[in-house]
Amino acid sequence: MSNMTGFGASIFGTKSQQQISLPADYEGLVIEIVKFFRTRQPPISEAETIEIFAFIEAADESKRHGGVPVTLESVMAAAMKVSEGAE
(Lines give C-alpha, C1' and ligand atoms only; values in the text may rest on other atoms or scores of the structure.)
Protein backbone atom coordinates (compact mmCIF):
# COMPACT_ATOMS: atom_id res chain seq x y z
CA MET A 1 0.00 0.00 0.00
CA SER A 2 1.32 3.43 -0.93
CA ASN A 3 1.53 6.43 1.39
CA MET A 4 1.53 8.95 -1.46
CA THR A 5 0.21 12.40 -0.70
CA GLY A 6 -0.03 15.55 -2.75
CA PHE A 7 -0.82 15.92 -6.41
CA GLY A 8 0.71 14.76 -9.63
CA ALA A 9 0.40 14.88 -13.35
CA SER A 10 0.82 12.39 -16.15
CA ILE A 11 2.48 13.83 -19.23
CA PHE A 12 2.05 11.96 -22.50
CA GLY A 13 4.37 12.72 -25.38
CA THR A 14 4.92 11.12 -28.75
CA LYS A 15 8.10 9.39 -27.54
CA SER A 16 7.54 8.86 -23.82
CA GLN A 17 5.30 9.25 -20.81
CA GLN A 18 6.29 10.79 -17.50
CA GLN A 19 4.67 11.24 -14.14
CA ILE A 20 5.58 14.19 -11.95
CA SER A 21 4.74 15.04 -8.37
CA LEU A 22 3.31 18.41 -7.45
CA PRO A 23 3.37 19.74 -3.89
CA ALA A 24 0.09 19.93 -2.00
CA ASP A 25 0.80 23.48 -0.87
CA TYR A 26 -2.25 25.69 -0.52
CA GLU A 27 -0.57 28.52 1.40
CA GLY A 28 -0.62 30.96 -1.55
CA LEU A 29 -4.25 30.17 -2.31
CA VAL A 30 -5.32 30.63 1.31
CA ILE A 31 -3.46 33.97 1.52
CA GLU A 32 -5.31 35.24 -1.57
CA ILE A 33 -8.68 34.02 -0.25
CA VAL A 34 -8.13 35.84 3.07
CA LYS A 35 -7.05 39.01 1.23
CA PHE A 36 -10.20 38.83 -0.89
CA PHE A 37 -12.46 38.48 2.15
CA ARG A 38 -10.77 41.40 3.86
CA THR A 39 -10.54 43.79 0.90
CA ARG A 40 -13.32 42.54 -1.41
CA GLN A 41 -10.77 42.95 -4.24
CA PRO A 42 -10.40 39.78 -6.34
CA PRO A 43 -6.82 38.63 -7.00
CA ILE A 44 -7.37 38.58 -10.77
CA SER A 45 -9.34 40.84 -13.07
CA GLU A 46 -12.85 40.19 -14.33
CA ALA A 47 -11.46 39.91 -17.87
CA GLU A 48 -8.99 37.21 -16.83
CA THR A 49 -11.72 35.33 -14.98
CA ILE A 50 -13.92 35.38 -18.10
CA GLU A 51 -10.98 34.17 -20.20
CA ILE A 52 -10.45 31.24 -17.83
CA PHE A 53 -14.11 30.25 -18.17
CA ALA A 54 -13.86 30.62 -21.97
CA PHE A 55 -10.79 28.36 -21.99
CA ILE A 56 -12.64 25.69 -20.00
CA GLU A 57 -15.69 25.96 -22.28
CA ALA A 58 -13.47 25.73 -25.39
CA ALA A 59 -11.88 22.55 -24.03
CA ASP A 60 -15.32 21.08 -23.27
CA GLU A 61 -16.62 22.06 -26.72
CA SER A 62 -13.59 20.46 -28.36
CA LYS A 63 -14.15 17.27 -26.38
CA ARG A 64 -17.85 17.18 -27.34
CA HIS A 65 -16.84 17.36 -31.00
CA GLY A 66 -14.13 14.71 -30.97
CA GLY A 67 -11.13 16.92 -30.32
CA VAL A 68 -11.53 19.52 -33.05
CA PRO A 69 -9.81 22.85 -32.33
CA VAL A 70 -12.05 25.49 -30.72
CA THR A 71 -10.89 29.09 -30.35
CA LEU A 72 -11.49 31.29 -27.34
CA GLU A 73 -12.83 33.90 -29.76
CA SER A 74 -15.56 31.55 -31.00
CA VAL A 75 -16.58 30.69 -27.44
CA MET A 76 -16.66 34.38 -26.47
CA ALA A 77 -18.74 35.25 -29.55
CA ALA A 78 -21.25 32.51 -28.76
CA ALA A 79 -21.47 33.70 -25.14
CA MET A 80 -22.11 37.27 -26.30
CA LYS A 81 -24.96 36.10 -28.54
CA VAL A 82 -26.54 34.21 -25.64
CA SER A 83 -26.02 37.21 -23.36
CA GLU A 84 -27.61 39.63 -25.84
CA GLY A 85 -30.60 37.32 -26.23
CA ALA A 86 -31.12 37.23 -22.46
CA GLU A 87 -31.51 40.99 -22.16
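What's counted below: heavy atoms across the whole structure, side chains too, no hydrogens, waters or symmetry copies. For reference, positions follow the sequence shown, starting with 1.
- Side-chain contact between Thr71 and Val75 is absent, with no heavy-atom pair separated by less than 4.5 Å.
- Contact check for Ile52 versus Ile44: side-chain heavy atoms found under the 4.5 Å cut-off.
- Leu72 CG to Ile50 CD1: the interatomic distance, rounded to the nearest 0.5 Å, is 12.5 Å.
- Listed by chain and residue number, nothing satisfies the side chain to side chain donor-acceptor pair (under 3.5 Å) test with Glu73 (two or more places apart in sequence, or in another chain).
- There is no path of hydrophobic side-chain contacts, each under 4.5 Å, that joins Ile31 to Val34.
- For the salt bridge (Lys or Arg N to Asp or Glu O under 4.0 Å) condition, the pairs that include at least one residue of residues 47-59, sequence neighbours left out, are Glu57-Arg64.
- Note: the hydrophobic cluster containing Phe36 also contains Leu29 (ILVMFWY, side chain heavy atoms under 4.5 Å, direct or indirect links).
- For Ser83 (side chain) and Ala79 (main-chain N/O), no donor-acceptor pair under 3.5 Å exists by modelled atom type.
- The main-chain N or O of Lys35 is found under 3.5 Å from a side-chain atom of Thr39 such that the two form a donor-acceptor pair.
- With sequence neighbours excluded, no residue satisfies side chain to side chain donor-acceptor pair (under 3.5 Å) with Lys63.
- Atom CZ of Phe53 is surrounded by 12 or fewer heavy atoms from other residues, nucleotides or ligands within 6.0 Å.
- Here the shortest heavy-atom pairing between Gln17 and Phe12 reads OE1-CE2, 3.1 Å.
- A distance-only check finds no donor-acceptor pair linking the side chain of Ser62 to the backbone of Pro69 [under 3.5 Å].
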